[in-house]
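Keep in mind that what you see is a predicted model, and the values were worked out from it rather than measured.
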Amino acid sequence: MPVASSSRRKSARSRREPSSDRIEEDYPSQDAGNNDDVEGGDDEEEQPRRKVKQEKKARKRARGDSESDNDPPAVVDDDENDRIDIENFHDQPLDKKEGGKLSGIAQDWEMIRKQIHQGSFSLAKEVATSLADVLEGDDANQALSEVDDIMKTLIDIDHEMQSHEKTLSGMYQQLMCGEPIEGAVDLYEKEVKKRINEFNDRTTRKKYGSNDQYVQFKQGIFEVQNPGENIPPINDFIPREEGDESDDDDDLEIGGVTQDFKCPITLTMLVNPMKSSTCGHAFSGDAIRDYLKKGPPSGKSCPAAGCSQKLTMAMLVADSSLEKRAKLAARRAQRDDDNSDVDDDEVIE
């Protein structure tokens, strides 16, 4: 059997030995022409890779054993340290920079109260005048009493909303004067509660007798039920309670006013009425326009008897509520006339 020469064996060994820079370990040279000379080359190339994998697994096992032996505390998320302890976090003082926010919230309360809640007042007044027109006797009293309770509840809610609005406005003014506010939440809640309690402690007359919405509510009912009669003072509709002034001290009350649903110009029932913002007299829309067209741009005297106020179109506003009340009063007066004619006929027979 032929034996390789010494020079050939040296050449084979030199090819199998790794280079000093370990290039051969990671990227072994592939010489297609000498594969027959080197046996087991693939096994030698895989050995360094296997060794690295085994070392990694050993390190992982060692690390796992160490953690279980020492039983270290659980890792805490960094976000936990950034969270605020709400239970122990006190209100921060407010300064002038936060004043604009308080003012904005106060305006939100005002918007809700005017745009949403005020519509409820108009609805309650329309329902009351309609019931007063179609019902009579005990049925009318029962129905109107229920609407009266609703109206009072609406006024209570309206005052509560005003309490929030006024409290925030007061805090805003304090900040604008350069006075910081400590404990803003507590101050806000206490002030709102104080305002509400003060209102609730008033008598019925003091709560509702001077409220414009309630006065209009009662006047509308009276006008429909008693067309052409003087409207008594509002306190005549509200029983006196302890804490109210004597009924004899009514000199300052407004009473004895008669709502006239006839136009001072046409002397007929008001149609599309317009009301003066200066003297309060109402006129049919077309009639007052024609009257003012004939005068100078500076205006003319009010055509109502005994009134000398100057009038211009800019001083007149449409009054749809007055128009509805006028129609109801006219309808009721017509029914009364019809009933009177029937009674006369029965007497003649």
Side-chain angles (χ1 to χ4, degrees), residues 111 113-135 144 147 151 154 158 211-234 237 254-338 340:
M111 179 189 68
R113 185 173 62 84
K114 289 184 176 180
Q115 294 186 358
I116 300 177
H117 195 62
Q118 294 294 327
S120 303
F121 286 125
S122 298
L123 179 60
K125 287 184 281 188
E126 291 179 8
V127 170
T129 52
S130 298
L131 291 174
D133 179 51
V134 300
L135 298 178
L144 291 173
V147 182
M151 190 68 179
L154 291 174
D158 187 71
N211 185 282
D212 291 339
Q213 298 289 352
Y214 190 75
V215 171
Q216 295 171 14
F217 170 78
K218 284 296 189 181
Q219 287 179 347
I221 295 173
F222 186 88
E223 289 169 359
V224 174
Q225 292 181 331
N226 307 277
E229 294 186 18
N230 291 347
I231 301 174
I234 186 64
F237 302 106
I254 299 175
V257 178
T258 301
Q259 176 64 65
D260 191 355
F261 294 109
K262 291 184 178 181
C263 174
I265 302 173
T266 63
L267 302 180
T268 59
M269 194 63 65
L270 290 168
V271 178
N272 298 324
M274 301 190 74
K275 194 172 185 178
S276 168
S277 59
T278 56
C279 60
H281 291 116
F283 317 91
S284 292
D286 292 340
I288 191 63
R289 289 190 186 93
D290 291 339
Y291 174 79
L292 293 176
K293 281 181 181 177
K294 299 175 183 178
S298 59
K300 294 180 67 176
S301 298
C302 175
C307 185
S308 59
Q309 290 282 345
K310 279 282 188 179
L311 277 185
T312 64
M313 283 303 301
M315 299 176 183
L316 296 169
V317 292
D319 193 335
S320 58
S321 176
L322 178 59
E323 182 178 16
K324 293 177 182 177
R325 286 152 47 204
K327 289 179 178 179
L328 290 173
R331 193 183 310 158
R332 192 175 188 88
Q334 183 63 45
R335 284 202 305 265
D336 291 342
D337 290 340
D338 294 341
S340 178

Engineer: Over all heavy atoms of both residues, which pair between Phe283 and Ala304 is shortest? Give the atoms and the distance, please.
Structural biologist: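 Residues Phe283 and Ala304, closest heavy atoms: CE2-N, 4.3 Å.
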Engineer: List in chain and number order the residues that pass ring pair (Phe, Tyr, Trp, His ring centres under 6.0 Å) with Phe121, two or more places apart in sequence or in another chain; answer none if no residue qualifies.
Structural biologist: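 Phe121 satisfies ring pair (Phe, Tyr, Trp, His ring centres under 6.0 Å) with His117 once adjacent residues are dropped.
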Engineer: Between atom CG of Leu123 and atom CE of Met151, what is the distance when rounded to the nearest 0.5 Å?
Structural biologist: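 Output value for this atom pair is 10.0 Å.
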Engineer: I need the minimum non-hydrogen distance between Thr266 and Ser284, along with the two atoms involved.
Structural biologist: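 Smallest heavy-atom distance, with atoms named: OG1-OG, 4.3 Å.
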Engineer: Please, which pairs that meet salt bridge (Lys or Arg N to Asp or Glu O under 4.0 Å) have at least one residue in residues 114-128, sequence neighbours excluded?
Structural biologist: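 Listed by first then second residue: Glu110-Lys114, Glu126-Lys324.
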Engineer: Please list, chain by chain and in numerical order, all residues satisfying side-chain contact (heavy atoms from CB on, under 4.5 Å) with Thr278, sequence neighbours excluded.
Structural biologist: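 By the side-chain contact (heavy atoms from CB on, under 4.5 Å) rule, Thr278 matches Ser276, Gln309, Leu311, Met315.
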Engineer: Would you name the heavy atoms of Cys302 and Tyr291 that are closest together and state the gap between them?
Structural biologist: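 In this case the closest contact between Cys302 and Tyr291 is C-OH, 4.5 Å.
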Engineer: What distance do Lys300 atom NZ and Ile288 atom CD1 have between them, rounded to the nearest 0.5 Å?
Structural biologist: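 Here the interatomic distance stands at 8.5 Å.
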Engineer: Return the set of residues passing side-chain contact (heavy atoms from CB on, under 4.5 Å) with Lys262 (not counting sequence neighbours), or none when no residue passes.
Structural biologist: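 For Lys262, the residues satisfying side-chain contact (heavy atoms from CB on, under 4.5 Å) (neighbours in sequence not counted) are Asp260.
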Engineer: Out of curiosity, Asp286 CG to Ile265 CD1, how far, rounded to the nearest 0.5 Å?
Structural biologist: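 Interatomic distance, Asp286 CG to Ile265 CD1, rounded to 0.5 Å: 10.5 Å.
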Engineer: Which heavy-atom pair separates Ala282 from Pro264 by the least distance, and what is that distance?
Structural biologist: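 Between these two residues, the closest heavy atoms are O-CD, 3.2 Å.
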Engineer: Please determine whether side chain to side chain contact (heavy atoms under 4.5 Å, CB included) holds for the pair Ser308 and Ser301, giving the CA-CA distance in whole Å, both sets of side-chain angles, and the decisive distance to 0.1 Å.
Structural biologist: CA-CA 5 Å; Ser308 59; Ser301 298; 5.5 Å; no
Engineer: Okay, side chain of Asp158, backbone of Leu154: is any donor-acceptor separation there less than 3.5 Å?
Structural biologist: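 Between the backbone of Leu154 and the side chain of Asp158 there is no qualifying donor-acceptor contact (under 3.5 Å).
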Engineer: Working to the nearest 0.5 Å, report the span between CG of Asn272 and SG of Cys263.
Structural biologist: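 That separation rounds to 11.5 Å.
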Engineer: Between atom CD1 of Ile231 and atom CD1 of Ile221, what is the distance when rounded to the nearest 0.5 Å?
Structural biologist: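 These two atoms lie 11.5 Å from each other.
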Engineer: Quick one: list whatever passes ring pair (Phe, Tyr, Trp, His ring centres under 6.0 Å) with Phe217, sequence neighbours left out.
Structural biologist: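 So Phe217 forms a ring pair (Phe, Tyr, Trp, His ring centres under 6.0 Å) with Tyr214.
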Engineer: Give me the atom names and distance for the closest heavy-atom approach of Gly285 to Met274.
Structural biologist: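 For Gly285 versus Met274, the nearest heavy atoms are CA-CG, 4.0 Å.
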Engineer: Please identify each residue that fulfils side-chain contact (heavy atoms from CB on, under 4.5 Å) with Met269, with sequence neighbours left out.
Structural biologist: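 Phe261, Ala326, Ala330.
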Engineer: Which pair of non-hydrogen atoms, one from Ala128 and one from Val147, has the smallest distance, and what is that distance?
Structural biologist: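 Taking every non-hydrogen atom into account, CB-CG1, 4.1 Å.
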Engineer: Quick check for you: to the nearest 0.5 Å, what is the distance between Gln225 atom CD and Thr129 atom OG1?
Structural biologist: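 Answer rounded to 0.5 Å: 10.5 Å.
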